[in-house]
Amino acid sequence: MRLRRAFVIVAALPIGLAGDAAWSAVPEQRAVLPLAWTTLARASITADPKRRELVLELPPVDLPAGAGHHVLQPPACLGEFPVNASIYAFHAELRDQDGRLLPADLLHHLNVMDPAERELFLPIARRILASGRETGEIRFPWPLFGARVHAGERIIANAMLHNPTPVSYRGVRVRLVLSYVPDGRPWPFFAVFPWQLDVAFPVGVKSFDLPPGHSERSYEGSPAVDGKIVVIGGHMHEYGRTIEFWDATLGKLLWHGEPAPAPRGEPSPVPLGRFYGLSGIGLPIMASHRYRVRVIYENPTGHTIAAGGMGVVGGLFIPRRGAVWPSAEPSNSLYQQDVRHFMGLTGGGMSGMEGMHGMGGMGGLDSHAHDHGSTP
């Protein structure tokens, strides 16, 4: 699914909506990262002020012909943003040792998290964005929405590559190109955070074995702060029938998505829900309520499909004005389990996220064959 399908510039939005722009979280003091993390390999993040782009690049690896996921992968890397800015678009790309652009199909997924801040629904490291071979470019209307990054803010990135082609590639670099609005502009009006809620929370691999016939899975949680959802989307695997987002406290269905047609064996895109327009911005959610993601499958094959199920909703979120977005607690056991999984230290493969590409893109949903972390 494509975030760009949902984010068209709403030029007719009344200026009065700018009053809602005061909806922005006040961050707590950022967590102090464990000293051992400074020993991670480094991802470079360079700024091009003229193009207003940030380029994140992972260390190079070789991809032999016919290689699967077992080949040498880029290590989990620590990077640091060099500027204060608001991100409104991004895309992933691969370059070889000579700088030539490589086929997008070689990239299985790329994931980025901020280990110093927590997720909306869980006390784990906050996912910033994700990209996969199906993601393409993700773009929001920059006058309205932007995801803030800060100079000196540290992130951890991982990626998975494969090469089913008969051609070998040397010195392959995974790059993430982010378009930004520099600080000091009156726009974007709204600082947004990616979010997601997964039926396989809290940590670990997010895909599950799909039994034959009718089956359902769900998970409930409460957000860390009050706020408004401005975009919501969902991700399921083949045979998924519907995915839902409920206010479990009120017993009220807030949104449901049904898959659009897709080729056999491919994930079916779920149309995005947008809660912004001429009448206002956002679907309110409250920290005092519990919210549920629920996914329903109908598997007609007559047998269990290994890792055949997944169910996640996510998108973009605007915290209530003055809300204090909690920092991460690295001593929390759930946080530690999640970080180890994200970095591929638990034997379950690299972890991804569903927060930002696919639905909220900066929180996304295309790294579906592996864990999606916590996003449209």
Side-chain angles (χ1 to χ4, degrees), residues 1-5 43 55-77 89-112 129-139 157-178 205-207 233 235-238 240 259-270 305-308 310 312 344 349-359 361-373 375-376:
M1 59 193 74
R2 301 289 184 269
L3 186 65
R4 60 177 179 271
R5 289 183 296 142
V55 178
L56 182 154
E57 188 171 85
L58 301 185
V61 294
D62 294 337
L63 282 181
H69 300 142
H70 61 278
V71 298
L72 179 66
Q73 301 289 340
C77 292
F90 68 89
H91 70 272
E93 63 183 32
L94 300 177
R95 300 275 177 175
D96 67 10
Q97 62 184 1
D98 298 316
R100 290 174 296 207
L101 188 65
L102 300 180
D105 284 350
L106 301 179
L107 175 65
H108 188 277
H109 67 254
L110 167 67
N111 304 287
V112 183
L129 55 85
S131 187
R133 60 186 178 181
E134 301 165 355
T135 308
E137 183 183 52
I138 289 174
R139 178 175 295 269
N158 70 27
M160 179 171 283
L161 304 174
H162 63 165
N163 182 16
T165 76
V167 180
S168 295
Y169 299 98
R170 296 186 62 82
V172 178
R173 293 180 179 268
V174 179
R175 290 161 49 96
L176 188 67
V177 182
L178 305 104
V205 175
K206 298 303 183 288
S207 57
H235 177 78
M236 297 179 288
H237 283 180
E238 190 178 17
R264 185 174 179 82
E266 293 294 328
S268 298
V270 176
I305 302 173
M310 179 171 282
V312 56
M350 283 188 171
S351 166
M353 66 170 290
E354 293 285 3
M356 217 156 182
H357 63 86
M359 303 176 308
M362 298 187 78
L365 300 175
D366 286 333
S367 307
H368 55 270
H370 294 264
D371 171 40
H372 297 266
T375 149

Look up atom [atom1] in [X] and atom [atom2] in [Y], then write down how far apart they are to the nearest 0.5 Å.
X: H235; Y: K206; atom1: NE2; atom2: NZ; result: 13.0 Å
X: M160; Y: N111; atom1: CE; atom2: CG; result: 9.5 Å
X: L101; Y: R175; atom1: CG; atom2: CZ; result: 9.0 Å
X: D105; Y: T165; atom1: CG; atom2: OG1; result: 9.5 Å
X: I305; Y: E238; atom1: CD1; atom2: CD; result: 6.5 Å

Student check: side-chain heavy atoms of [X] and [Y] closer than 4.5 Å:
X: D96; Y: L94; answer: no
X: V112; Y: L176; answer: yes
X: L63; Y: H162; answer: no

Practice prompt. For V172 and L102, run side-chain contact (heavy atoms from CB on, under 4.5 Å): C-alpha distance rounded to whole Å, both residues' side-chain angles, the deciding distance at 0.1 Å, then the answer.
Written response: CA-CA 9 Å; V172 178; L102 300 180; 3.8 Å; yes
For residues [X] and [Y], report the shortest heavy-atom separation together with the two atoms involved.
X: P259; Y: G240; result: CG-O, 3.2 Å
X: L58; Y: A159; result: CD1-CB, 3.7 Å
X: P64; Y: N163; result: O-ND2, 3.0 Å

Item checked: Contacts of type side-chain contact (heavy atoms from CB on, under 4.5 Å), residue V61, not counting sequence neighbours ->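 Expected list: L72, P74, L161.
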- Item | Pairing residues for P59 by the side-chain contact (heavy atoms from CB on, under 4.5 Å) criterion, not counting sequence neighbours |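 Once residues adjacent in sequence are excluded, the partners of P59 under the side-chain contact (heavy atoms from CB on, under 4.5 Å) criterion are P75, C77.
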Task: Set of salt bridge (charged side-chain N to carboxylate O under 4.0 Å, His left out) partners for R95, sequence neighbours left out - done: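 Scan of R95 (salt bridge (charged side-chain N to carboxylate O under 4.0 Å, His left out), adjacent residues dropped) gives E93.
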**Q.** Heavy-atom donor-acceptor pair, S207 side chain to M310 backbone, under 3.5 Å
**A.**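 No, S207 side chain to M310 backbone: no donor-acceptor pair under 3.5 Å.
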